[in-house]
2 protein chains.
Amino acid sequence: MAVPSNEELELLHRNICQAVGDPKRIQILYALHEQPRNVNALVEALNTPQPTISRHLAILRERGLVTAERDGTSVIYRVAEPRMIEILDVMRQMLRGLLEKQSSVVE
Amino acid sequence: MAVPSNEELELLHRNICQAVGDPKRIQILYALHEQPRNVNALVEALNTPQPTISRHLAILRERGLVTAERDGTSVIYRVAEPRMIEILDVMRQMLRGLLEKQSSVVE
DNA sequence: ACCGTTCATCCGCATATCCGAATATAACAA
DNA sequence: TTGTTATATTCGGATATGCGGATGAACGGT
C-alpha cells in the first residue's frame, strides 16, 4: 500500500483518527458494540450528561462509524464499522506490549 | 475481548489514539516506515520546520511508537510498532468504504 | 577551546476541542 | 393543542493542542 497523499491523510485524520481521539467516544463505541442502545441507555451506562453523549454520537454518526435508527421517540445507535472495534482491540494488545517495555527499562 | 476498564481506556487514548490523532504524526509514521530517517531528512521530506518535527517525534517516542538512535550528531528515527502502520492501512481501507457510502446517499 | 551542524526544549500566541446548562426540536399520547 | 418523553443543538467558558522563532544542549571537526 502506497504512502497516503496529503488529501488522503487529511481525510483519514478527519474521518477516523480524530473520531477515536477522545476516550468518551471510544467508550461509546465499545458500549454500542456490546449491544445497540438508545441515547438514554448510553447516558446511564456511561454516567454522562445527555448533551455530551449526543454531541459525541453526532461526531461518530457524521463519520459513518455508527448508525442511528429512530424508533418512536427514541433513537437506537449501532456500531456501523465492526473493523473499528477490531482496530481498537489491536491497539489494546499493542498497548500491553508498550507498557511492558516501559516498566522493564531501568534508566 | 472484554470491554476496557476506565483505566485501560485512558491509557489507550493517551498512548495510542491521541498519538495518531494528528495528521503530521501520521505522515511522520509513514515516512519512517518508508525508511528510517534522521530529523533533518524528515524536515525536508515533510517540508516542515524542525521544532515542529522534533516535537511530534518526542510525542511518538514517549509513547513507544518510534525509536531514536543517535548516530554522531544526528538521530535516526525508526517505526517501533509495525502494527501501527497496519492499523493505519486498515483505517484507510475503511475510509474508502465510508466515503463511497456518503457519496451514494442522495438525501 | 572554538565552531558548525544537528537536534531538543522553551515560550507566547492562535486555534481547536470539550464540557454541560439552557434551549430547541421530534414523536407520541390524551 | 397540550403535555411528556427522548434527542439534538446552541452557547459561553475552560482546557488542550499545535505552531514556530528563539534558545539551549550534544556531538564531531579543526
Side-chain angles (χ1 to χ4, degrees), chain A residues 6 9-29 31-32 35-78 80 107, chain B residues 6 9-29 31-32 35-78 80 107:
Chain A
N6 282 358
L9 199 69
E10 216 55 48
L11 288 171
L12 177 62
H13 171 246
R14 279 278 156 214
N15 287 282
I16 301 185
C17 292
Q18 194 177 22
V20 292
D22 182 280
K24 197 72 78 179
R25 287 197 287 271
I26 300 176
Q27 207 179 0
I28 289 176
L29 284 174
L32 294 180
Q35 80 183 76
R37 304 176 199 248
N38 60 27
V39 178
N40 230 344
L42 284 171
V43 166
E44 292 172 7
L46 307 192
N47 192 31
T48 302
Q50 178 262 320
T52 297
I53 295 290
S54 280
R55 186 168 26 81
H56 285 304
L57 284 173
I59 290 173
L60 294 171
R61 185 173 10 100
E62 287 163 7
R63 286 151 179 78
L65 296 177
V66 303
T67 61
E69 175 204 356
R70 185 168 275 284
D71 174 25
T73 61
S74 73
V75 177
I76 299 174
Y77 280 86
R78 288 183 165 81
E107 307 189 30
Chain B
N6 283 357
L9 200 68
E10 215 56 47
L11 287 171
L12 177 61
H13 170 247
R14 278 277 158 213
N15 287 282
I16 302 185
C17 292
Q18 188 173 259
V20 291
D22 181 281
K24 196 72 78 178
R25 287 197 287 271
I26 300 175
Q27 207 179 359
I28 289 176
L29 284 174
L32 294 180
Q35 80 183 74
R37 304 176 199 247
N38 60 26
V39 178
N40 231 343
L42 283 171
V43 166
E44 292 172 7
L46 307 192
N47 193 31
T48 302
Q50 178 261 320
T52 298
I53 295 290
S54 281
R55 185 169 27 80
H56 285 304
L57 284 173
I59 291 173
L60 293 171
R61 184 173 9 102
E62 287 163 8
R63 287 152 178 79
L65 296 177
V66 303
T67 61
E69 174 203 356
R70 184 169 275 284
D71 175 26
T73 61
S74 72
V75 177
I76 299 173
Y77 280 86
R78 289 183 164 79
E107 309 188 30

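Naming: A, B, ... by sequence-line order, numbering from 1 per chain. Just so you know, these numbers use all the heavy atoms, side chains as well, and skip hydrogens, waters and symmetry mates.
One can place CD of A/Gln27 at 15 Å from C1' of C/dC19, the figure rounded to the nearest angstrom. Counting to the nearest Å, the P atom of D/dA16 and the NE2 atom of B/His13 are 12 Å from each other. Look at CZ on B/Arg61: it is 12 Å from P on C/dC7, rounded to the nearest Å. Across the protein-nucleic acid pair, B/Glu69 atom CD and D/dA26 atom P stand 19 Å apart, rounded to whole Å. Protein atom CZ of A/Arg14 is 9 Å distant from nucleotide atom C1' of C/dA16, rounded to whole Å. Atom CD1 in B/Ile76 sits about 20 Å away from atom P in D/dA26, given to the nearest Å. Taking atom CG of A/Leu57 as the reference point, atom P of D/dT7 lies 10 Å away to the nearest angstrom. What separates OH of B/Tyr77 from C1' of C/dC7 is a distance of 8 Å, to the nearest Å.
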Check residues 53-60 of chain B and write down every donor-acceptor pair under 3.5 Å in which the side-chain atom is one partner and the other belongs to a residue at least two apart or another chain.
| residue | atom | partner | partner atom | Å |
| --- | --- | --- | --- | --- |
| B/Ser54 | OG | B/Gln50 | NE2 | 3.1 |
| B/His56 | ND1 | B/Arg25 | NH1 | 3.1 |

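The heavy-atom pair separating B/Arg14 from B/Gln18 by the smallest distance is NH1-NE2, 2.9 Å. The two residues B/Ala41 and B/Arg37 have their closest heavy-atom pair at CB-CB, 3.8 Å. Smallest separation of non-hydrogen atoms from B/Leu65 and B/Asn15: CD1-O, 4.2 Å. Considering every non-hydrogen atom in both A/Ala80 and A/Gly64, the closest pair reads CB-O, 3.4 Å.
Proximity of B/Arg61 to B/Tyr77: side-chain heavy atoms (C-beta onward) are separated by under 4.5 Å at one or more points. Between A/Val43 and A/Val39 there is a side-chain heavy-atom pair separated by less than 4.5 Å. Considering only heavy atoms from C-beta on, A/Lys24 comes within 4.5 Å of A/Thr48 through its side chain. Side-chain contact between B/Leu12 and B/Cys17: present, with at least one pair of heavy atoms (C-beta onward) separated by less than 4.5 Å.
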Provide a list of protein-nucleic acid N or O atom pairs under 3.5 angstrom, restricted to nucleotides 27-30 of chain D.
none

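Under the side chain to side chain contact (heavy atoms under 4.5 Å, CB included) criterion, B/Asn47 pairs with no residue at all, not counting sequence neighbours. When the side chain to side chain contact (heavy atoms under 4.5 Å, CB included) test is applied to B/Glu10, the partners found at least two apart in sequence or on another chain are A/Pro23, B/His13.
For the segment residues 49-56 of chain B, the set of residues with a heavy atom within less than 4.0 Å of an atom of DNA chain C comprises B/Gln50, B/Pro51, B/Ser54, in numerical order. Residues of residues 36-43 of chain B that place a heavy atom closer than 4.0 Å to DNA chain D do not occur.
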